[in-house]
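Remember, it's a predicted structure, so these values are computed and weren't measured experimentally. Hydrogens, waters and symmetry mates are skipped; everything else that's a heavy atom, side chains included, is used.
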Amino acid sequence: MNNVMRYKEYWAKVQFSEADNCFWGEIEGINDSISFEGSSVEELRRDFEEAIDSYIEHCKRYNKEPQKQYSGSFNIRIAPELHRDASMLSKIKDISLNQFVERAIAKEVKLSLNK
């Protein structure tokens with residue numbers, strides 16, 4: 001089951017609230033907190049798209065950058081054995097460990113997002 005919705009260049013993870021008997025989500029990767037909800041899939045989709053369209057218009061009106069800017073740098077923690085093996089393979093391939101990890105992530109993203 002895929003619980004991610006996409007619209008334009010935006011996405012959100014969708015959840016279900018049993019207490020409220022509705023679906024809800026929050027738009028990810030933006031500089032603000034924007035949520036949406038619906039009691040049906042159609043209503044959820046409509047509220048999601050309206051929230052994004054409204055947010056884009058708001059950002060344009062106030063000359064604001066809507067999407068988060070990512071630095072391209074982050075720290076990860078992995079098992080020491082995996083670190084060792086990745087380091088060894090990067091040396092065999094004559095690339096940096098950073099390049100090796102970047103390629104691995106790009107491959108997974110491409111597979112998962114069908115890019």
Under 3.5 Å, side chain of S112 to main-chain N/O of E108, donor-acceptor pair present? yes

Working to the nearest 0.5 Å, report the span between CE of M88 and CZ of F100. 9.0 Å

Side chain to side chain contact (heavy atoms under 4.5 Å, CB included), that's the test. Do L113 and R6 meet it? Break it down for me. CA-CA 11 Å; L113 297 179; R6 292 184 188 93; 2.9 Å; yes

Applying the 4.5 Å side-chain criterion to the ILVMFWY set and letting contacts propagate, would I76 and Y70 be lumped into a single cluster? no

Please say yes or no: joined through hydrophobic side-chain contacts below 4.5 Å, possibly via intermediate residues, are I78 and V101 part of one cluster? yes

Would F48 and I27 count as a side chain to side chain contact (heavy atoms under 4.5 Å, CB included) if you check the C-alpha gap in whole Å, the side-chain angles of each, and the deciding distance to 0.1 Å? CA-CA 8 Å; F48 172 58; I27 300 168; 4.1 Å; yes

Hey, mind stepping through L44 and W24 against side chain to side chain contact (heavy atoms under 4.5 Å, CB included) and telling me if it holds? CA-CA 7 Å; L44 180 71; W24 68 277; 5.6 Å; no

Under a plain distance cut-off of 3.5 Å, with no hydrogens placed, do S96 and Q99 share a side-chain donor-acceptor pair? yes

For S33 and E26, does a side-chain donor sit closer than 3.5 Å to a side-chain acceptor? yes

To the nearest 0.5 angstrom, please state how far the CD atom of Q15 sits from the SG atom of C22. 11.0 Å

Interatomic distance, NZ@K8 vs OH@Y55, rounded to 0.5 Å, equals 13.5 Å

Value for OH (Y10) from CD (E28), rounded to nearest 0.5 Å, stands at 13.5 Å

Ion pair R61/E57, N-O distance below 4.0 Å: no

Please report the interatomic distance NZ(K64) to CG(D32), rounded to the nearest 0.5 Å. 3.0 Å

Evaluate F16 against N3 for side chain to side chain contact (heavy atoms under 4.5 Å, CB included), listing each step before the verdict. CA-CA 10 Å; F16 179 74; N3 57 347; over 6 Å; no

What closest approach, in Å, do N31 and E65 show between heavy atoms, and which atom pair accounts for it? ND2-O, 2.8 Å

Are the side chains of E49 and R45 in contact, using a 4.5 Å heavy-atom criterion? yes

Within-4.5 Å side-chain heavy-atom neighbours: I30 and P66: no

When hydrophobic residues are tied together by side-chain contacts of less than 4.5 Å, even through go-betweens, does M5 share a cluster with I34? yes

Between I95 and L89, is there a shared hydrophobic cluster once you connect ILVMFWY residues whose side-chain heavy atoms come closer than 4.5 Å? yes

Euclidean distance, I56 CD1 relative to E9 CD, rounded to 0.5 Å: 8.5 Å

Do the side chain of S54 and the main chain of A51 share a donor and acceptor less than 3.5 angstrom apart? no

